[in-house]
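Values in this document were obtained by computation on a predicted structure and should not be read as measured data.
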Amino acid sequence: MRVLSQTVKSVFHTHCKPAERSRGFWGWLNAVFNKVDYERINAVGPDRAAAEWLLRCGAKVRFCGFDRWQHDYNGLPTGPLGRYKIQAIDATESCIMYRGFDYLNGLEHIEEIRLNKCIYIEDICLEHLSQTKPLQASVKTLSVISCGNVTDKGIISLHHLRNLEHLLLIDLPGIKDKEKTTERLQTALPKLTIQLDLA
């Protein structure tokens with residue numbers, strides 16, 4: 001670990017200014033946190049592996065049958081393989097990024113997702129969500145708040161979430177045509193309630 005730390009430190013000190021070093025290091029570390037471990041998914045199941053990824057990145061999860069949010073990586077419950085199914089994800093201020101979104105592919109019980117103040121969330125993340133078959137059937141509530149890289153394209157892609165009932169969109173400067181975007185969503189999902197604060 002000491003050798004790795006010294007190597008990383010050396011690279012960043014040699015090639016970057018102090019502010020760039022800090023941003024570069026955390027960006028690199030966040031990318032490491034988001035790397036998908038497919039062997040781990042096979043070994044412990046999609047829900048456990050996804051929970052580990054989310055908590056590693058600073059997000060929280062709530063399991064089916066529980067009211068309490070799980071935020072402590074070391075406190076993740078143990079038990080029979082597949083016992084704990086993720087029902088809700090709160091990724092507020094987490095470092096989740098597209099690189100890790102394959103962790104979501106096997107989750108079949110997700111009803112709520114909160115993407116609030118996530119600096120790495122972009123259109124391709126929302127497109128991945130909307131193209132994931134289990135999520136298309138299960139997600140009912142989604143909030144996207146203060147994610148500066150999200151544009152109309154990403155929001156429109158959410159029309160594939162056919163059981164989406166409630167969508168909250170706040171402080172998204174990348175959305176340039178909110179009327180047209182919300183109209184397209186509403187047409188595709190007539191039962192969807194959209195709450196907006198995009199001024």
Side-chain angles (χ1 to χ4, degrees), residues 8 19 21-38 40-41 44-64 66-77 84-132 134-135 138-151 153-155 157-158 161 164 166-175 195 197-198:
V8 169
R21 280 199 295 269
S22 177
R23 284 194 301 270
F25 174 75
W26 290 112
W28 171 81
L29 189 60
N30 292 336
V32 170
F33 285 163
N34 279 275
K35 185 178 180 183
V36 179
D37 185 342
Y38 297 99
R40 183 66 177 163
I41 295 173
V44 300
D47 287 89
R48 173 69 190 207
E52 291 174 354
W53 163 59
L54 289 160
L55 269 62
R56 194 165 55 236
C57 291
K60 296 182 286 190
V61 299
R62 194 175 72 241
F63 294 107
C64 294
F66 292 82
D67 294 325
R68 186 172 60 90
W69 287 92
Q70 182 69 46
H71 60 85
D72 179 7
Y73 183 93
N74 294 317
L76 278 170
Y84 296 95
K85 304 294 187 183
I86 300 175
Q87 185 175 29
I89 296 170
D90 182 354
T92 299
E93 296 184 335
S94 72
C95 69
I96 65 169
M97 61 178 65
Y98 177 72
R99 185 178 187 183
F101 268 52
D102 276 2
Y103 277 113
L104 302 176
N105 292 349
L107 305 185
E108 299 180 349
H109 301 84
I110 301 291
E111 294 183 3
E112 178 184 2
I113 300 175
R114 303 174 187 173
L115 301 174
N116 306 339
K117 300 181 181 178
C118 300
I119 63 171
Y120 297 112
I121 293 297
E122 51 193 329
D123 291 343
I124 196 170
C125 299
L126 299 184
E127 290 166 2
H128 188 113
L129 281 179
S130 66
Q131 295 294 336
T132 302
L135 298 182
S138 67
V139 174
K140 296 179 181 177
T141 302
L142 176 64
S143 64
V144 186
I145 300 173
S146 300
C147 295
N149 296 316
V150 169
T151 72
K153 180 183 176 185
I155 298 301
S157 74
L158 298 174
L161 299 175
L164 192 61
H166 189 262
L167 177 63
L168 177 61
L169 304 174
I170 298 176
D171 183 29
L172 300 172
I175 295 183
Q195 280 185 270
D197 186 359
L198 300 177

Less than 4.5 Å apart, any side-chain heavy atom of [X] and any of [Y]?
{"X": "D47", "Y": "L107", "value": "yes"}
{"X": "I170", "Y": "S146", "value": "no"}
{"X": "Y103", "Y": "N34", "value": "no"}
{"X": "K35", "Y": "R99", "value": "yes"}
{"X": "P46", "Y": "E108", "value": "no"}

ask   = What pairs with S138 under side-chain hydrogen bond (donor to acceptor under 3.5 Å, both in side chains), at least two apart in sequence or on another chain?
value =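 For S138, no residue satisfies side-chain hydrogen bond (donor to acceptor under 3.5 Å, both in side chains) once neighbours in sequence are set aside.
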
key: Contacts of Q131 that satisfy side-chain hydrogen bond (donor to acceptor under 3.5 Å, both in side chains) - sequence neighbours left out   = H160

Distance in Å, [X] [atom1] paired with [Y] [atom2], rounded so as to fall on 0.5 Å steps:
{"X": "D171", "Y": "I145", "atom1": "CG", "atom2": "CD1", "answer": "9.0 Å"}
{"X": "L129", "Y": "L158", "atom1": "CG", "atom2": "CG", "answer": "7.5 Å"}
{"X": "D123", "Y": "T151", "atom1": "CG", "atom2": "OG1", "answer": "3.0 Å"}
{"X": "R56", "Y": "Y73", "atom1": "CZ", "atom2": "OH", "answer": "5.5 Å"}
{"X": "I89", "Y": "W53", "atom1": "CD1", "atom2": "CH2", "answer": "6.5 Å"}
{"X": "I110", "Y": "E112", "atom1": "CD1", "atom2": "CD", "answer": "10.0 Å"}

task = Apply the salt bridge (Lys or Arg N to Asp or Glu O under 4.0 Å) test between D90 and each candidate in R62, R114, K117; give the one that qualifies.
result = R114

Which pair of non-hydrogen atoms, one from [X] and one from [Y], has the smallest distance, and what is that distance?
{"X": "E52", "Y": "L76", "result": "CG-CD1, 3.8 Å"}
{"X": "L126", "Y": "I155", "result": "CD1-CD1, 3.9 Å"}
{"X": "I121", "Y": "C147", "result": "CB-SG, 4.2 Å"}
{"X": "C64", "Y": "H109", "result": "SG-CB, 3.8 Å"}
{"X": "A91", "Y": "L115", "result": "CB-CD2, 4.0 Å"}
{"X": "A51", "Y": "F63", "result": "CB-CZ, 4.1 Å"}

Derivation and outcome, side-chain contact (heavy atoms from CB on, under 4.5 Å), residues L54 and S94 = CA-CA 8 Å; L54 289 160; S94 72; over 6 Å; no

task = Start with the C-alpha distance between I124 and H128, add both sets of side-chain angles, then the distance that settles side-chain contact (heavy atoms from CB on, under 4.5 Å), and finish with yes or no.
result = CA-CA 6 Å; I124 196 170; H128 188 113; 5.8 Å; no

ask   = Considering residues, nucleotides and ligands other than H166, do more than 12 of their heavy atoms fall under 6.0 Å from its NE2?
value =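 Check passes, neighbour count above 12.
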
query = Would you say the side-chain atoms of N149 pair up with the backbone N or O of Y120, donor to acceptor, closer than 3.5 Å?
reply =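 No.
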
Any donor-acceptor N/O pair, Q70 side chain to G75 backbone, under 3.5 Å =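 Indeed, once roles are kept as given, a pair shorter than 3.5 Å links the two residues.
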
Donor-acceptor pair between S143 and N116 side chains, under 3.5 angstrom =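 Yes, because at least one side-chain N or O of S143 sits under 3.5 Å from a partner of the opposite role on N116.
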
